[in-house]
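Down below is the structure, laid out as structure tokens.
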Amino acid sequence: MLTVTLNTGAVMPMLGYGVFQTPPDETARCVRDALEVGYRLIDTAQSYGNEAGVGQGVSDSGIAREDVFLTTKISPSNMNHDRAAASLEQSFKDLRTDYIDLVLLHQPIGDYPGAYRALEEAVDAGQVRAIGVSNFYPERLIDIALLTRIPPAVNQVETHPFRQESAAHEQMTSLKIIHEAWAPFAEGRGGIFTHPTLTRIGAAHGKTAGQVALRALMQQGVVVIPKSVRRERMVENFDVFDFVLDEAEMQAFASIDDGAFPRIFDHHDPGMIQWLVEERVKNSALGGGHLF
Ligand code: NDP
């Protein structure tokens with residue numbers, strides 16, 4: 001397994017398993033399958049509604065807690081200091097653990113500096129090993145990176161062959177923040193699994209287009225967390241450690257991103273942010289929409 005070392009010294013696998021949109025009643029089976037296949041990083045979030053399934057899957061697998069790297073994310077509906085702290089307690093219960101390896105702020109909305117302070121306190125208390133953010137574009141990331149007591153270890157942003165985010169990656173590298181890709185397969189859009197360039201590169205190594213995408217992103221220094229509910233795809237997506245792409249292949253991969261592919265979720269679009277706020281905050285289990 002390739003790994004990266006976070007700013008806290010924690011070691012994070014470069015390939016993990018994501019459970020966004022995995023139904024809560026299937027999550028335990030999926031996580032157990034993924035752990036049996038070999039994954040050792042599981043990526044969930046409070047807003048996915050399946051943390052309890054993740055906790056059960058890890059427990060069912062029989063794999064020692066310390067051998068699994070668990071990531072969760074503070075929901076937009078919990079985005080202030082007190083709610084973040086309280087919701088973290090629930091995450092510990094649901095995940096059946098007394099520490100979490102990495103906790104991210106899911107979105108830069110609401111009182112996220114307050115929520116971040118709650119994460120810093122959880123690090124101080126030894127409950128959380130590393131903290132970070134998600135969906136922070138460069139202009140937001142620089143702010144939180146420079147003004148926090150414990151700078152983010154990770155920024156998880158939409159990244160896939162069609163949007164490789166090379167400028168954002170450079171900024172993260174200069175800030176010593178690990179770039180983690182959400183939707184490394186672009187959620188199956190853009191014909192990614194039959195893309196001609198990915199397929200051509202794969203043919204030279206006996207690999208699929210999807211495997212080339214994961215391998216290339218990791219070679220760019222990006223952590224990837226592909227999702228599949230199907231065990232045979234979990235196996236395929238994990239089988240990416242026995243080949244290396246050369247410079248010409250990496251250049252061909254880079255050329256797939258021609259800037260034309262629209263983001264799956266665009267944080268510069270006020271309509272999308274309004275949707276997030278209305279859906280997640282109004283429906284908050286903690287009630288009310290007043291987060292400031
Ligand atoms: P992905 O890019 O991982 O794509 C998942 C889709 O690809 C599913 O439809 C899956 O179908 C299909 N698939 C997976 N493997 C294969 C394969 N080998 N061949 C063909 N199809 C395949 O999308 P996600 O949105 O799930 O992103 C990955 C993870 O990133 C999430 O699960 C979540 O943990 C995280 N994430 C974080 C976000 C954030 O805001 N921080 C936002 C979105 C995702 P099937 O399951 O049926 O196999």
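If you're wondering where the values come from, they're calculated on a predicted model, not measured in any experiment. Read the numbers this way: they start at 1 and go in the same order the structure lists the ligands and their atoms.
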Relative to ligand 1, is Phe185 under 4.0 angstrom through side chain, backbone, both or neither, heavy atoms considered? both
Answer yes or no on whether Arg65 is positioned over the face of Tyr99, meaning its NZ or CZ is under 6.0 Å from the six-membered ring centre and within 45° of the axis. yes
Atom 28 (C) of ligand 1 sits nearest the protein heavy atom Ile225 O, 3.1 Å
Check whether any side-chain heavy atom of Gln46 lies under 4.5 Å from a side-chain heavy atom of His106, and answer yes or no. no
Would you mind checking which non-hydrogen protein atom is closest to atom 43 (C) of ligand 1, with the distance to 0.1 Å? Trp182 CE3, 3.2 Å
With a cut-off of 4.0 Å, which atoms of ligand 1 are near a heavy atom of Asp43? 33 (C), 34 (O), 35 (C)
Ligand-residue contact atoms, ligand 1 with Ala186, heavy atoms, under 4.0 Å: 2 (O)
Under 4.0 Å, heavy atoms only, figure out whether ligand 1 is touched by the backbone of Asn237, its side chain, both or neither. side chain
Which segment of Ser228 sits under 4.0 Å of ligand 1 when only heavy atoms are counted: both
Can you check whether a protein heavy atom sits less than 4.0 angstrom from atom 19 (N) of ligand 1? yes
Relative to each other, are the rings of His195 and Phe162 parallel, tilted or perpendicular (30° and 60° limits)? tilted
With a 4.0 Å cut-off on heavy atoms, is Gly210 touching ligand 1? no
Could you pull out the closest heavy-atom pair between Leu15 and Asn237, with the gap in Å? CD2-O, 3.6 Å
Kindly assign one of parallel, tilted or perpendicular to the pair Tyr137 and His268, based on the angle between their ring planes and the thresholds 30° and 60°. perpendicular
Those atoms of ligand 1 less than 4.0 Å from some heavy atom in Pro226: 3 (O)
What residues, two or more places apart in sequence or in another chain, satisfy side-chain hydrogen bond (donor to acceptor under 3.5 Å, both in side chains) together with Gln90? Asp94
Quick one: which ligand 1 atoms are inside 4.0 Å of a heavy atom on Gln156? 35 (C), 36 (N), 37 (C), 38 (C), 39 (C), 41 (N)
Taking heavy atoms and a distance under 4.0 Å, where does Lys73 meet ligand 1: side chain, backbone, both or neither? side chain
Which class fits the ring pair His267 and Phe265: parallel under 30°, tilted 30 to 60°, perpendicular over 60°? tilted
I'd like to know if the side chain of His205 pairs up with that of Glu249 as donor and acceptor (distance under 3.5 Å, no hydrogens or angles considered). yes
What residue and atom, counting heavy atoms only, is the protein's closest point to atom 27 (O) of ligand 1, and at what distance? Ala183 N, 3.1 Å
In this structure, atom 25 (O) of ligand 1 is nearest to the protein heavy atom Glu187 OE2, 2.5 Å
Could a heavy atom of Gln211 be found less than 4.0 Å from some atom of ligand 1? no
Within reach of ligand 1, part of Asn135 (heavy-atom separation under 4.0 Å): side chain
Selection from Tyr17, Phe265, Phe193 by shortest heavy-atom distance to atom 21 (N) of ligand 1: Phe193
Side-chain donor-acceptor pair present, Trp182, Asn135, cut-off under 3.5 Å: yes
Go through ligand 1 atom by atom and flag the ones less than 4.0 Å from a non-hydrogen atom of Phe20. 25 (O), 31 (C), 32 (O), 33 (C), 34 (O), 43 (C), 44 (C)
Taking heavy atoms and a distance under 4.0 Å, where does Glu236 meet ligand 1: side chain, backbone, both or neither? side chain
Relative to ligand 1, is Tyr48 under 4.0 angstrom through side chain, backbone, both or neither, heavy atoms considered? side chain
Quick one: do Glu36 and Arg32 make a salt bridge, cutoff under 4.0 Å? yes
Closest to atom 12 (C) of ligand 1 (heavy atoms only, candidates Arg233, His267, Glu232, Glu180) is Arg233
Glu232: which residues meet the side-chain hydrogen bond (donor to acceptor under 3.5 Å, both in side chains) condition with it, sequence neighbours left out? none
Do you see a donor-acceptor pair shorter than 3.5 Å between the side chains of Gln164 and His169? no
Heavy-atom nearest neighbour of atom 47 (O) of ligand 1 within options Gln107, Arg189, Arg230: Arg230
Any idea which of Glu26, Lys227, His106, Met234 brings a heavy atom closest to atom 6 (C) of ligand 1? Lys227
Between Asp239 and Lys207, is there a salt bridge with N-O shorter than 4.0 Å? yes
Which atoms of ligand 1 are found less than 4.0 Å from any heavy atom of Val229? 45 (P), 46 (O), 47 (O), 48 (O)
Pick one of side chain, backbone, both or neither for how Ala45 approaches ligand 1, counting any non-hydrogen atom pair under 4.0 Å. neither
Contact check, side chains of Ile63 and Arg40, non-hydrogen atoms, under 4.5 Å: yes
Part of Glu158 within contact of ligand 1 (heavy atoms, under 4.0 Å): neither
Pair Glu51-Ser91, side-chain donor/acceptor within less than 3.5 Å: yes
